[in-house]
Number of protein chains: 4
Amino acid sequence: MAQADAARPLRKDAQINRERLLEAARELFAAKGLDVTLNDIAHHAGVGVGTAYRRFANKGEIIDALFEERLQAVEAVAREALDEPDPWLALTSYLRRTLRMQFGDRGLHQIMDDPTLGDERINDVRVRIAPLIVELVERAKTAGAIRDDFAPTDVTFIQSAMAPIMDSTRDVAPDLYERYLTFILDGIRSDRQVSLLPAPALSSAITHSAMTRKRRSRSAT
Amino acid sequence: MAQADAARPLRKDAQINRERLLEAARELFAAKGLDVTLNDIAHHAGVGVGTAYRRFANKGEIIDALFEERLQAVEAVAREALDEPDPWLALTSYLRRTLRMQFGDRGLHQIMDDPTLGDERINDVRVRIAPLIVELVERAKTAGAIRDDFAPTDVTFIQSAMAPIMDSTRDVAPDLYERYLTFILDGIRSDRQVSLLPAPALSSAITHSAMTRKRRSRSAT
Amino acid sequence: MAQADAARPLRKDAQINRERLLEAARELFAAKGLDVTLNDIAHHAGVGVGTAYRRFANKGEIIDALFEERLQAVEAVAREALDEPDPWLALTSYLRRTLRMQFGDRGLHQIMDDPTLGDERINDVRVRIAPLIVELVERAKTAGAIRDDFAPTDVTFIQSAMAPIMDSTRDVAPDLYERYLTFILDGIRSDRQVSLLPAPALSSAITHSAMTRKRRSRSAT
Amino acid sequence: MAQADAARPLRKDAQINRERLLEAARELFAAKGLDVTLNDIAHHAGVGVGTAYRRFANKGEIIDALFEERLQAVEAVAREALDEPDPWLALTSYLRRTLRMQFGDRGLHQIMDDPTLGDERINDVRVRIAPLIVELVERAKTAGAIRDDFAPTDVTFIQSAMAPIMDSTRDVAPDLYERYLTFILDGIRSDRQVSLLPAPALSSAITHSAMTRKRRSRSAT
DNA sequence: TATGAATGAGTGTTCATTCAT
DNA sequence: CATGAATGAACACTCATTCAT
């Protein structure tokens with residue numbers, strides 16, 4: 001009764017509140033992860049909790065909406081990638097750009113890490129994205145750019161694989177995940193070239209200090 | 001089996017309960033992640049909450065104990081890998097075996113994904129493992145088996161990258177993560193060979209149904 | 001009535017609940033001491049626990065609020081006593097009136113007995129009361145009404161000394177503590193008069209039965 | 001079945017354990033108050049908790065036993081006081097000596113502050129002490145040393161009145177309670193003399209710092 | 001319609017007491 | 001008999017969600 005899907009456009013102020021809530025959620029989720037309370041989100045958005053519950057049935061809903069929005073952006077990127085004439089570049093730029101989108105958003109990471117999150121509407125977007133990815137992959141294969149046993153569904157898993165890396169190195173080596181993406185791409189490209197790595201490996205000293213820092217800040221909470 | 005060595009040996013029944021608690025924790029963490037309550041763990045182990053708190057100072061302690069035990073096993077695998085004469089096999093078998101260990105344990109995933117979890121004892125084990133990995137990687141490089149820009153710290157990140165894949169496909173395609181490990185290994189091997197993939201790609205239909213199933217079982221909880 | 005002044009005024013229903021909680025706390029603290037649970041207080045006030053925690057950050061806060069309110073009343077009594085022209089009457093009426101206030105409130109006793117309870121705000125009130133007492137005592141000394149070696153800080157200790165007496169005789173001889181206050185006042189007055197005791201001594205029979213009754217009602221809890 | 005009263009003497013080792021437990025309880029109660037756990041007491045006594053429960057039905061029992069023992073010592077003091085030929089000295093030395101006994105024992109204070117603690121056996125001792133106090137008071141009255149309206153039951157209340165004073169000043173001014181005892185004694189002596197006070201008043205500065213210190217150490221816990 | 005007050009089940013944790021070893 | 005492991009009710013406190021204003 002409350003949450004209008006795409007149907008029946010929301011009243012303008014309601015729409016504004018919805019937008020504000022999503023923005024607040026994005027910021028807080030990005031900064032502190034999915035555990036922030038709905039109270040915090042609502043206040044960060046400048047509205048009361050009640051309003052949040054008028055726009056979203058529950059906390060999951062707001063997460064879903066955010067994920068949906070993000071996926072819609074992913075969909076857009078996929079469409080743009082299809083405009084790229086070079087099939088290899090099309091595929092890899094899709095990967096690079098969507099991964100960059102995930103980066104810097106703690107909440108989005110959690111979501112991409114945990115496939116149990118997300119609802120039907122999310123799937124709808126996924127369903128729309130799937131054929132675009134199929135197209136990207138098929139073109140690359142047809143062009144002989146990638147190995148033959150590579151499949152479209154592999155793309156998503158590659159994306160999700162970067163999540164833990166981003167998550168644990170965001171502060172100390174923001175580009176590190178691209179290093180591992182490169183390993184993978186070098187593993188699937190047909191020309192067997194060895195790419196220059198876009199980021200140096202993390203030194204064990206940094207690894208250690210980064211982890212210690214995290215632990216500190218955590219126990220402070 | 002883990003802490004009992006150093007401390008004065010627990011009474012037999014206490015030892016049994018300790019074991020039961022760890023086993024219950026492992027199962028529940030594996031099944032539902034680290035958020036399960038200590039109450040659930042205790043009851044799953046067939047003991048009262050108080051008993052859990054007699055054996056472990058707090059929830060973190062039980063996680064640490066589990067992680068320590070697991071990491072000690074990882075350490076053992078690393079040592080065994082060093083006995084393998086073929087440097088490439090040594091490195092890859094270490095990866096394959098430890099990943100297989102992670103598999104099936106949701107909690108272990110979370111722990112390996114989140115370096116803020118775990119205490120000093122955990123770090124001690126990490127510190128012991130690090131040089132073993134360095135050795136594995138150096139040998140492989142010296143033998144010309146892997147690319148020169150590969151670094152020992154890459155090993156851990158590769159491991160963590162498999163986590164979300166395992167996590168989302170455990171039920172429908174348990175071996176799938178090996179497919180992506182292979183992509184990576186093909187990306188770092190010097191001979192530029194293209195390996196046979198150990199698992200077929202997931203069909204998009206399966207992808208969809210798997211996720212839906214997960215969501216169901218979750219909302220049932 | 002207490003904190004609401006400074007902060008933005010609470011919504012009317014919130015204010016009512018706040019009042020109810022304080023009243024419930026006062027009653028239960030009075031009846032059973034400071035160990036009552038916040039759950040009990042909330043339910044006694046006819047609200048849920050959550051409400052109690054919305055109004056007060058923690059159990060200590062509610063105690064502080066109560067104590068502050070009480071101490072403000074004590075402050076008022078001290079100011080009124082200073083209006084009394086007869087210095088002896090001023091001092092003794094302050095003592096009698098404040099002790100009467102303490103009477104019947106087990107929690108207030110505990111608080112006045114234990115200086116470790118109470119926060120900054122409490123101390124602020126204490127700081128405001130201190131000079132008033134100094135004035136009361138100095139006047140009485142100047143007028144030659146009390147012995148010269150009496151000091152302002154003695155007043156508070158005399159008050160606290162009555163606590164255990166009140167506490168143990170509240171039900172059987174509510175005025176008994178005034179008997180001991182009189183002994184003390186007779187010990188500090190300069191004219192060396194012997195006052196008529198305001199309450200007869202407790203017979204040993206009553207002493208015994210009173211204590212037994214208390215023990216009964218306690219073990220029932 | 002377990003706890004032998006005065007009847008059937010305990011086996012020697014049992015007796016020793018009982019003694020040890022009481023001593024441990026006395027020390028811990030004195031040092032930390034009545035809230036210490038029975039576990040701590042047992043371990044401090046060098047025995048297991050189970051043993052403590054074999055000797056005492058529950059925690060209350062051990063408190064009672066302690067109080068009983070203490071009261072027996074009080075009884076002894078009363079008998080000794082009766083040997084004092086000067087009736088005023090007899091009464092006052094009884095008060096001074098028993099108060100000194102209370103002093104330094106946090107647990108004993110709590111017990112004397114809270115008349116709901118203590119059981120039947122305690123009363124038995126009280127019953128034995130009562131006539132001794134009656135005798136002390138009657139002698140003093142007959143000798144014309146104290147006011148006529150003073151009653152034997154007043155003695156106990158005077159004792160209990162000192163408890164909160166001792167408790168709050170133990171660390172900063174151990175003798176302070178004697179100051180207030182003197183006020184009272186000056187209030188009941190017939191000769192209307194004004195005694196030299198055995199302790200100076202607490203300065204308000206000390207009062208404040210003492211309280212602050214207490215609060216500090218408390219919040220540290 | 002927007003607000004934020006109210007709710008209470010649920011969380012980690014403690015401790016008096018019981019009972020198997 | 002002594003031990004200490006086991007128990008679970010109880011506590012202070014949090015937060016997703018509902019509902020009166």
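Proteins get letters first, then strands, A, B, ... in listed order; numbering begins at 1 in each. This structure is a prediction, so every number in the text was calculated from the model and none was measured.
For C/Thr51, a side-chain nitrogen or oxygen approaches OP1 or OP2 of E/dT7 to under 4.0 Å. Contact check, B/Arg54 against F/dT7: no side-chain N or O comes under 4.0 Å of OP1 or OP2. In this model, the phosphate group of E/dT14 is not approached by any side-chain N or O of B/Tyr53 to a distance below 4.0 Å at OP1 or OP2. Between B/Asn39 and E/dG12 there is no side-chain N or O to OP1 or OP2 distance below 4.0 Å.
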Self-check item: Dot-bracket line, read 5' to 3' along DNA chain F, where crossing pairs take [ ] and | marks a partner on another strand, Watson-Crick or G-U under 3.5 Å
Solution: .||||||||||||||||||||
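Which of F/dA5, E/dA5, E/dT13 sits closest to the side chain of B/Ala14 comes down to F/dA5. In this structure, the nucleotide among F/dG8, F/dC15, E/dG8 sitting nearest to the side chain of B/Val49 is F/dG8. The side chain of A/Asn17 approaches E/dA2 more closely than any other nucleotide in the set E/dA2, F/dA12, E/dT11.
What separates CG of D/Leu38 from P of F/dA5 is a distance of 16 Å, to the nearest Å. Separating the NZ atom of B/Lys32 from the P atom of E/dT11 is a distance of 11 Å, rounded to the nearest angstrom. For the pair A/Glu61 CD and F/dA16 C1', the computed distance is 14 Å after rounding to whole Å. Rounded to whole Å, the distance from CD1 on B/Ile41 to P on E/dT13 is 11 Å. A straight line from CG of B/Asn58 to P of E/dT13 spans 5 Å, rounded to a whole angstrom. Atom CZ of B/Phe56 is separated from atom C1' of E/dT14 by 18 Å (rounded to the nearest Å). One atom, CG of D/Asp35, and another, C1' of F/dC11, lie 14 Å apart when rounded to the nearest Å. Nucleotide E/dT14 holds its C1' atom 12 Å from the CG atom of D/Asp40, rounded to whole Å.
With a 4.5 Å cut-off on side-chain heavy atoms, D/Phe29 and D/Ile62 count as touching. C/Glu23 has its side chain out of reach of C/Arg20: every pair of non-hydrogen atoms, C-beta onward, lies at least 4.5 Å apart. Taking 4.5 Å as the limit, some side-chain heavy atom of C/Phe56 sits within range of a side-chain heavy atom of C/Leu22.
Taking for each of A/Lys59 and B/Gly50 the nucleotide of DNA chain F with the nearest heavy atom, the 5'-most of the two is the partner of B/Gly50. Heavy-atom distances to DNA chain E give each of C/Gly48 and B/Ala57 a nearest nucleotide, and the one nearer the 5′ end belongs to C/Gly48. Of the two residues contacting DNA chain F, namely D/Val47 and B/His43, the nearest-nucleotide position lying further toward the 5' end is that of D/Val47.
In this structure, the side chain of D/His43 engages the main chain of D/Asn39 through a donor-acceptor pair within 3.5 Å. The main-chain N or O of C/Leu34 is found under 3.5 Å from a side-chain atom of C/Lys59 such that the two form a donor-acceptor pair.
Atom CD of residue D/Glu69 and atom CD of residue D/Glu19 lie 7.5 Å apart, to the nearest 0.5 angstrom.
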Quiz prompt | side-chain contact (heavy atoms from CB on, under 4.5 Å) assessment of C/Glu61 paired with C/Arg121 | solution = CA-CA 10 Å; C/Glu61 271 285 301; C/Arg121 292 175 306 156; 4.0 Å; yes
